[in-house]
Amino acid sequence: MRITQLSRKNIQALTPYQSARRLGGKGDIWLNANEYPLSPDFDLQHRTFNRYPEAQPEALVQAYANYAKVQPENVIVTRGGDESIELIIRAFCENDDAVLYCPPTYGMYAVSAETCGIACKTVPLTEEFQLNLPEIERQLTGVKVVFVCSPNNPTGTLLKRSDLTKLLQITAGKAIVVVDEAYIEFCPESTMATELATYPHLAIVRTLSKAFALAGLRCGFTLANKALIDVLQKVIAPYPIPVPVSDIAVQALSEQGLSQMQANVSEVITQRQWLIEQLKTLPQVEHIFDSNANYLLVKFTDGQKVFQHLWDQGIILRNQHTALGLANCIRLTIGTAAENQRVINAIQHI
Ligand SMILES: *Cc1c(COP(=O)(O)O)cnc(C)c1O
């Protein structure tokens, strides 16, 4: 018997997440994974590794709680925001339940649900990339977790706060609402963390991978009320956070680390504005979508051609051509000034 036939049916049918790294490419300019283009420096403080780490490193939980303006009991640390997404599904969904999400959006909601054998319902975003609340309400039967992403990946759109509170109202007592705030540092005033006191079924996914420039660290968080956090504590692995990870994460959340992150954010926003102005002048560009994050979604007259042309030159972007409603669109991460200049030059010379 072939090994694959021994694996679970839903795993046999599963298409793994097409991560930027898996998609490959021979690049010297990587603008396809929404990373920060430069790495901060750290010194490892802990130099002994013979003991297991704390299950939830206290100093890190406290530091993130301070940063997010919540209590430590409202925080669980995970291996990247991606593990937060999967933990919520594993903890809350059983066989006949479904998750609901709103494409075009982040691919991991579907992949995590499928991995767990949980059905997916989709309610596409409106033309303005906002929630279609009447349709979501109609589709809620059997739904245990609703995933929304704000700012949304790959569109860059912020969901309207009034829509998010309406969503929390229509799901109360029925489903968990996960607001994915992977990019919230680029528009911190829009966080839903301030609503935690009102909504026991709200969970917020965060990460150090984007504005904190630590994608290689694999450190994320879920923020929620204690009862929800306690459920996630039951299913998370016993020692999920390696000692060097919490060590560096605590430094990233120090006063100095936070001001470095804020400087990163300002630089990205300056560069984003520069890119928008340059892109506007290019005949190949059909539309630049408003972005509240460290990437731009751009519609080209022939997106496939632009993507391939830049790929061949070692400039690796994220093609969105097959995403719902995003034909000819490319998501490009804001890079350094020099990288952004090369992107513009390369498009000019097509
Ligand atoms: C990057 C990202 C995450 C989480 O990334 P991790 O590296 O696993 O922390 C979650 N959601 C969205 C929308 C993202 O873009």
Side-chain angles (χ1 to χ4, degrees), residues 16-23 30-37 39 60 64 67-68 75-90 99 101-113 115 125 129 131 145-159 164 177-187 190-192 203-223 232 236-237 240-242 245-246 248-249 252-253 261 264-265 268 289 291-297 317-318 320 323-324 326 331-334:
Y17 180 65
Q18 297 296 304
S19 70
R21 285 295 170 278
R22 262 192 192 156
L23 287 168
W30 293 95
L31 299 178
N32 65 346
N34 296 343
E35 296 145 332
Y36 191 73
S39 177
L60 177 52
Y64 201 81
Y67 161 66
V75 177
I76 184 169
V77 191
T78 58
R79 289 167 287 203
D82 286 343
E83 189 186 33
S84 287
I85 292 166
E86 195 192 283
L87 276 182
I88 294 166
I89 295 174
R90 276 170 46 209
V99 306
Y101 60 91
C102 304
T105 192
Y106 189 48
M108 281 305 291
Y109 314 136
V111 171
S112 286
T115 304
L125 295 172
F129 299 139
L131 297 177
V145 181
V146 178
F147 287 99
V148 294
C149 188
S150 183
N152 185 43
N153 180 359
T155 58
T157 332
L158 264 178
L159 297 176
L164 289 173
V177 172
V178 180
V179 181
D180 187 337
E181 294 190 350
Y183 301 95
I184 201 66
E185 283 78 17
F186 299 97
C187 47
S190 300
T191 182
M192 291 296 282
I204 296 172
V205 171
R206 296 284 192 87
T207 179
L208 298 186
S209 295
K210 309 292 165 46
F212 284 91
L214 289 170
L217 194 64
R218 311 307 303 129
C219 186
F221 306 86
T222 302
L223 307 178
L232 301 183
I236 197 168
I241 311 301
V245 171
S246 57
I248 290 172
L253 293 160
M261 179 275 284
N264 294 352
V265 167
V268 164
F289 294 90
S291 171
N292 294 277
N294 63 340
Y295 50 87
L296 283 174
L297 184 71
L317 310 179
R318 191 77 150 143
Q320 298 292 336
L324 184 71
L326 301 187
R331 189 194 71 191
L332 75 102
T333 305
I334 313 299

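Atoms within each ligand, like the ligands themselves, are counted from 1 in listed order. Quick note: residue numbers are just sequence positions, from 1.
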Chemist: At a 4.0 Å cut-off, with the gap strictly under it, does some heavy atom of Cys149 reach an atom of ligand 1?
Modeler: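 Per 4.0 Å heavy-atom rule, Cys149 contacts ligand 1.
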Chemist: For atom 8 (O) of ligand 1, what is the nearest protein heavy atom, given as residue, atom name and distance?
Modeler: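 Here the closest protein heavy atom is Arg218 NH2, 2.7 Å.
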Chemist: Any chance you could measure Tyr64, atom OH, to Leu208, atom CG, to the nearest 0.5 Å?
Modeler: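 Answer rounded to 0.5 Å: 6.5 Å.
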Chemist: Among protein heavy atoms, which lies nearest atom 4 (C) of ligand 1, and at what distance?
Modeler: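 Residue, atom and distance for the closest contact: Asp82 OD1, 3.7 Å.
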Chemist: So, do Ile76 and Phe221 sit near enough that their side-chain heavy atoms are less than 4.5 Å apart?
Modeler: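 Of all side-chain heavy-atom pairs linking Phe221 with Ile76, none is under 4.5 Å.
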Chemist: If we only consider heavy atoms of Gly80, is any one of them less than 4.0 Å away from an atom in ligand 1?
Modeler: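 A heavy atom of Gly80 does come that close to ligand 1.
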Chemist: Based purely on interatomic distance, does Thr207 place a nitrogen or oxygen under 3.5 Å from a nitrogen or oxygen of ligand 1?
Modeler: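 Yes; at least one N/O pair falls below 3.5 Å.
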Chemist: Within the 4.0 Å heavy-atom shell around Ser209, which atoms of ligand 1 are there?
Modeler: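 By the 4.0 Å cutoff, the relevant atoms are 6 (P), 7 (O), 9 (O).
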Chemist: Specify whether Phe212 and Tyr67 have parallel, tilted or perpendicular ring planes, treating 30° as the upper limit for parallel and 60° as the lower limit for perpendicular.
Modeler: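 Answer is perpendicular, since the angle exceeds 60°.
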Chemist: Got Leu324 and Thr105 here, is their nearest side-chain heavy-atom distance under 4.5 Å?
Modeler: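 The answer is no; the side chains never approach within 4.5 Å.
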Chemist: Starting from atom 12 (C) of ligand 1, what is the nearest protein heavy atom, named by residue and atom, and what distance separates them?
Modeler: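 The closest heavy atom on the protein side is Asp180 OD2, 3.4 Å.
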Chemist: What protein heavy atom lies closest to atom 15 (O) of ligand 1? Include the residue and the distance to one decimal.
Modeler: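 Of every protein heavy atom, Tyr183 OH, 2.6 Å lies nearest to atom 15 (O) of ligand 1.
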Chemist: Tell me: protein heavy atom nearest atom 1 (C) of ligand 1, and distance?
Modeler: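 Heavy-atom neighbour on the protein nearest atom 1 (C) of ligand 1: Lys210 NZ, 1.4 Å.
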Chemist: Which atoms of ligand 1 are found less than 4.0 Å from any heavy atom of Ala182?
Modeler: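 Ligand 1 atoms under the 4.0 Å threshold to Ala182: 2 (C), 3 (C), 10 (C), 11 (N), 12 (C), 14 (C).
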Chemist: Please examine the side chains of Ile204 and Thr222, heavy atoms only from C-beta on, and report whether any two atoms are closer than 4.5 Å.
Modeler: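 They are not in side-chain contact.
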Chemist: Measuring centre to centre across the rings, with the benzene-like ring taken for any Trp, is Tyr101 within less than 6.0 Å of Tyr106?
Modeler: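 Centroid distance Tyr101-Tyr106: not below 6.0 Å, so no.
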Chemist: Under 4.5 Å between any side-chain heavy atoms of Asn294 and Tyr36, yes or no?
Modeler: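 No; the side chains remain at least 4.5 Å from each other.
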